[in-house]
Amino acid sequence: NDLLDETDEVAFFTIQPTTGIVVGSNSVFDLTIQDNDVPSISFDDSFASAAEGSGAFEVKLKLSTPPATEQLATIFVLDGFKVDYGVDYVTAPAVNQHFITVQIPAGSSEASFTITPLADKKHEVPLEFVTFFLQQASAGLDVTNPRLSFFTIIDVKKKHALSALAVSPNPTSGNVQ
């Protein structure tokens, strides 16, 4: 037994004719060794943040061991209060009905997708949140914790200060009515 994920292995045994032995009709035997090592997948980081307009940020998924075959992971995406996909951020691959599907090539020890916080002109809360939940994976992977990753978009717009009011001495004299 090993810790590597691999495809099932098959060994074929054939009885060859030799002097004094008569080979019957069942001269071939095949032995299949089924692999029982299933890689696990989880988020690499539970928390990350980036400023609006700062470019793409890579969200990584880590695997306990590289899978022997191509796999898929499905991530549920939940937008926080007043956060809108396409306005506040985009992802690659794109969110489709609140889900991202990430392909994991055979032999990879990690996979990833990107989130790009978009610069906007909206006056909004200083922090916007997007939650990613590792919902499921294909049959060749076990989903383990951490299954949640929280991403914070930091608003970088400058707040306008109130105009200063200049008060000068009143040039009039006497009582002001």
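Values reported hereafter were calculated over all heavy atoms of this structure, with side chains retained and with hydrogens, waters and symmetry mates removed.
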Spatial distance of atom CG (L118) from atom OG (S54) [nearest 0.5 Å]
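Rounded to the nearest 0.5 Å, the CG-OG separation comes to 10.0 Å.
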Value rounded to 0.5 Å, distance of CD in E110 from NZ in K60:
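Interatomic distance, E110 CD to K60 NZ, rounded to 0.5 Å: 4.5 Å.
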How far apart are the C-alpha atoms of T91 and T116, what are their side-chain angles, what is the distance that settles it, and do they pass the side chain to side chain contact (heavy atoms under 4.5 Å, CB included) test?
CA-CA 6 Å; T91 61; T116 304; over 6 Å; no
Applying the 4.5 Å side-chain criterion to the ILVMFWY set and letting contacts propagate, would [X] and [Y] be lumped into a single cluster?
X: V95; Y: F150; result: no
X: I100; Y: V143; result: yes
X: F76; Y: L148; result: yes

Please test V130 against V77 for side chain to side chain contact (heavy atoms under 4.5 Å, CB included), starting from the C-alpha separation and ending with a verdict.
CA-CA 7 Å; V130 181; V77 181; 3.9 Å; yes
Side chains of [X] and [Y]: closer than 4.5 Å at any heavy-atom pair?
X: L127; Y: I153; value: no
X: V59; Y: I115; value: yes
X: I75; Y: L61; value: yes
X: I41; Y: T144; value: no
X: L141; Y: I104; value: yes
X: E128; Y: T152; value: no

Just by distance, with hydrogens left out, do S112 and E58 show a side-chain donor and acceptor under 3.5 Å apart?
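A donor-acceptor contact under 3.5 Å links the two side chains.
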Are the side chain of [X] and the backbone N or O of [Y] linked by a donor-acceptor pair below 3.5 Å?
X: S109; Y: L63; value: no
X: R147; Y: Q135; value: yes
X: Q71; Y: G140; value: yes
X: S64; Y: S40; value: yes

Give the intermediate values and the outcome of side chain to side chain contact (heavy atoms under 4.5 Å, CB included) for residues D88 and D120.
CA-CA 7 Å; D88 295 303; D120 60 29; 3.0 Å; yes
Under the ring pair (Phe, Tyr, Trp, His ring centres under 6.0 Å) rule, what do F113 and F132 come out as? Steps first, then yes or no, please.
CA-CA 11 Å; F113 62 94; F132 299 107; 5.0 Å; yes
Nearest heavy atoms of [X] and [Y], plus distance in Å:
X: T101; Y: P93; value: O-CG, 3.3 Å
X: P67; Y: P105; value: CG-O, 4.0 Å
X: T114; Y: A56; value: CB-CB, 4.2 Å
X: P146; Y: S46; value: CB-OG, 3.6 Å

What pairs with F57 under ring pair (Phe, Tyr, Trp, His ring centres under 6.0 Å), at least two apart in sequence or on another chain?
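F57: ring pair (Phe, Tyr, Trp, His ring centres under 6.0 Å) contacts with F151.
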Please list, chain by chain and in numerical order, all residues satisfying ring pair (Phe, Tyr, Trp, His ring centres under 6.0 Å) with Y85, sequence neighbours excluded.
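If we apply the ring pair (Phe, Tyr, Trp, His ring centres under 6.0 Å) test to Y85, skipping adjacent residues, the hits are Y89.
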How about CD on Q103, more than 12 heavy atoms from neighbouring residues, nucleotides or ligands closer than 6.0 Å, or not?
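Not buried by this count: 12 neighbours or fewer within 6.0 Å.
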List the steps and the verdict of side chain to side chain contact (heavy atoms under 4.5 Å, CB included) for L78 and F133.
CA-CA 8 Å; L78 179 64; F133 176 68; over 6 Å; no
Under the criterion side chain to side chain contact (heavy atoms under 4.5 Å, CB included), which of V23, I15, T14 is the partner of V28?
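With V28 as partner, V23, I15, T14 yield a single side chain to side chain contact (heavy atoms under 4.5 Å, CB included), made by T14.
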